There are 2 protein chains.
Amino acid sequence: MAMNEKVKQKFIETWGAMGSLWGINTSVARVHALLMVSEKPLGLDDISEELKISRGNASMCLKELRNWGVIKKARETGDRRDFYLSEDDVWTMFIRIVRERKRRELDPAVDSVRKVLAESKDDGSDPKVKARFSQMNEMLETMNSLAEAFLKSDEDAKAALSLLSNMVKMRD
Amino acid sequence: MAMNEKVKQKFIETWGAMGSLWGINTSVARVHALLMVSEKPLGLDDISEELKISRGNASMCLKELRNWGVIKKARETGDRRDFYLSEDDVWTMFIRIVRERKRRELDPAVDSVRKVLAESKDDGSDPKVKARFSQMNEMLETMNSLAEAFLKSDEDAKAALSLLSNMVKMRD
DNA sequence: CAATACTTTCAGAATATATTGAATATAACG
DNA sequence: CGTTATATTCAATATATTCTGAAAGTATTG
């Protein structure tokens, strides 16, 4: 019991710290971790109590996790409360997180550089600056195509990852 | 002239915003952008003036960029000041940024999960929690191997990226 | 459709991160 | 080796992010 709690706690804090390194709010990551190791679906109060965060904060974290697509709502008959479950497959989870990060981090950058490049096309501005923009654009477009191909579906992504992983293992 | 300045400014602010999305300090990214489009090496004062940031801050930003390995120091004879130049190849730059992010974001996570997993090996704690830890560990180790294989050298990484990129282009 | 049981929102407070600039360190020069 | 020119550090301050909790919103029940 005590041991269970200790390792569970460690899992939650480890995942929280990882989230923080990855630009994900620590509370969001802790809520996610709690749901990942929970035997049964948890409600807002369970989460708020267990992690010692306000109900308001817990609600925001759940909203965020729903946006990431890594948790599921599960209502029980005769109960008005919402309960939440974590997506079960770690790889699916990983891919969804990468997909959401692409949407937040790469897409706006691609858009922004595309736009400035188009605007400055024939305006006689410094060739070095234009060349830089053009290189940036090419790089971002390449990364974008790669990411889109890889992330097309959860299944494709899992297959690609497994293939790459085996290629790497093989070489050793 | 005015046009040059405008597009240059836009490049700097675009790169700054991208950096911010990617968890890189905005000032660091702006200094990097300025060096990328500069015709000649720039000193601390040039940077501080042009970007309207303090000399102290500029110094910290340059230190950070040196850590990322994306700028070079270039001293001129008869001048005590340090001047800086940006790495010229966008792909090399990209790969170095990814390498540094791996070091900061993935490596500590891998370490941390490895450690807790080893500690809880035979302690009779909740199997579901242990299973989660084990899955996390497997995923992180896989990503780590992939990243290490990919990032081994700038050249290998560029080759792999080019290969992948062509594979994706081919399919369309 | 009013009462109830919950969830969400959001202004203000708490916390964390980034920036400044004066003090300190370092290195080149004569 | 002292002087000078420059770079770096870091305590104080400014800014941005996260969290709280009470108020507003939404669904379900009888």
Side-chain angles (χ1 to χ4, degrees), chain A residues 12-13 15-35 41-68 71-85 101 104-105 108, chain B residues 12-13 15-35 41-68 71-85 101 104-105 108:
Chain A
I12 291 169
E13 298 316 327
W15 196 235
M18 280 174 54
S20 170
L21 285 170
W22 298 358
I24 292 162
N25 179 301
T26 307
S27 293
V28 172
R30 289 173 75 235
V31 170
H32 188 204
L34 177 59
L35 290 173
L42 298 180
L44 198 62
D45 285 329
D46 302 323
I47 294 167
S48 157
E49 255 177 69
E50 182 118 23
L51 299 182
K52 308 243 169 56
I53 62 178
S54 72
R55 299 157 46 69
N57 193 8
S59 174
M60 304 270 264
C61 291
L62 288 168
K63 185 184 179 184
E64 182 79 351
L65 289 169
R66 266 177 278 142
N67 286 341
W68 287 88
I71 62 172
K72 280 176 274 190
K73 207 182 269 198
R75 308 211 59 171
E76 287 172 17
T77 47
D79 198 326
R80 294 190 192 179
R81 285 172 294 173
D82 294 336
F83 291 90
Y84 290 91
L85 267 174
R101 288 189 79 178
R104 294 185 191 195
E105 299 178 13
Chain B
I12 291 168
E13 297 317 327
W15 196 236
M18 280 175 53
S20 171
L21 285 169
W22 298 358
I24 293 161
N25 178 302
T26 306
S27 293
V28 173
R30 289 172 75 235
V31 171
H32 187 203
L34 177 59
L35 291 173
L42 298 179
L44 198 62
D45 285 329
D46 302 323
I47 293 167
S48 157
E49 256 177 68
E50 182 120 23
L51 298 181
K52 309 243 168 55
I53 62 179
S54 73
R55 297 160 46 71
N57 191 9
S59 175
M60 305 267 264
C61 291
L62 288 168
K63 186 184 178 183
E64 181 79 352
L65 289 168
R66 265 176 279 143
N67 286 341
W68 287 87
I71 62 173
K72 280 175 275 189
K73 207 182 269 199
R75 309 210 60 171
E76 287 172 19
T77 46
D79 198 325
R80 294 190 192 178
R81 284 171 295 171
D82 294 337
F83 292 89
Y84 291 91
L85 267 175
R101 288 190 77 176
R104 294 184 189 195
E105 300 179 12

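All chains are named by letter (A, B, ...) in the order of the sequence lines, taking the proteins before the strands, and each is independently numbered beginning at 1. Computed from a prediction, not measured in an experiment: that's the story for all the values here.
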(request) Report, as a single string ordered 5' to 3', how protein heavy atoms within less than 4.0 Å touch nucleotides 21-30 of chain D: B base, S sugar-phosphate only, - not at all. (result) B------BS-
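Taking each heavy atom of A/Val28 and A/Cys61 in turn, the nearest pair found is N-SG, 3.6 Å.
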(message) Determine whether A/Arg101 and A/Trp22 satisfy the following criterion, side-chain contact (heavy atoms from CB on, under 4.5 Å), listing intermediate values before the conclusion.
(response) CA-CA 10 Å; A/Arg101 288 189 79 178; A/Trp22 298 358; 3.6 Å; yes
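Remark: A/Arg30 is not in phosphate contact with D/dC19, judged by side-chain N or O atoms under 4.0 Å from OP1 or OP2. Not one side-chain nitrogen or oxygen of B/Thr26 sits closer than 4.0 Å to the OP1 or OP2 atom of C/dA18. The side chain of A/Ser27 contributes no N or O atom lying less than 4.0 Å from OP1 or OP2 of D/dT18.
Here A/Glu50 contributes atom CD and A/Asp45 contributes atom CG; the two are 12.5 Å apart, rounded to the nearest 0.5 Å. Rounding to the nearest 0.5 angstrom, the gap separating the CG atom in A/Leu42 from the CG atom in A/Asp82 is 12.5 Å. To the nearest 0.5 Å, the span separating CD1 on B/Ile47 from CG on B/Leu35 amounts to 4.5 Å. Taken to the nearest 0.5 Å, the NE2 atom of B/His32 stands 10.5 Å off from the CE atom of B/Met18.
Closest to the A/Ile53 side chain, of the nucleotides D/dT20, C/dC6, C/dT8, is D/dT20.
As rounded to whole Å, 18 Å separates atom P of D/dA16 from atom CG of A/Asn25. The nearest whole Å value for the distance from the NZ atom in B/Lys63 to the P atom in D/dT6 is 22 Å. Look at CD1 on A/Ile47: it is 14 Å from C1' on C/dT8, rounded to the nearest Å. One interatomic measurement links the two molecules: CG of B/Leu65 to P of D/dA7, which rounds to 15 Å at whole-angstrom precision. For the pair A/Leu44 CG and D/dC19 P, the computed distance is 15 Å after rounding to whole Å. Straight-line distance from the CD1 atom of A/Ile24 to the C1' atom of D/dT17: 16 Å, rounded to whole Å. Atom-to-atom, CG of B/Asp82 to P of C/dA27 comes out at 10 Å; the value is rounded to the nearest Å. Computed from coordinates, the B/Asp46 CG to D/dT6 C1' distance equals 13 Å when rounded to whole Å.
Looking at which nucleotide of DNA chain D each of A/Ala58 and B/Tyr84 is closest to, the 5′-most match is held by B/Tyr84. Looking at which nucleotide of DNA chain C each of A/Ser20 and A/Phe83 is closest to, the 5′-most match is held by A/Phe83.
Looking at heavy atoms from C-beta onward, B/Phe83 lies out of side-chain contact with B/Lys73 at the 4.5 angstrom threshold.
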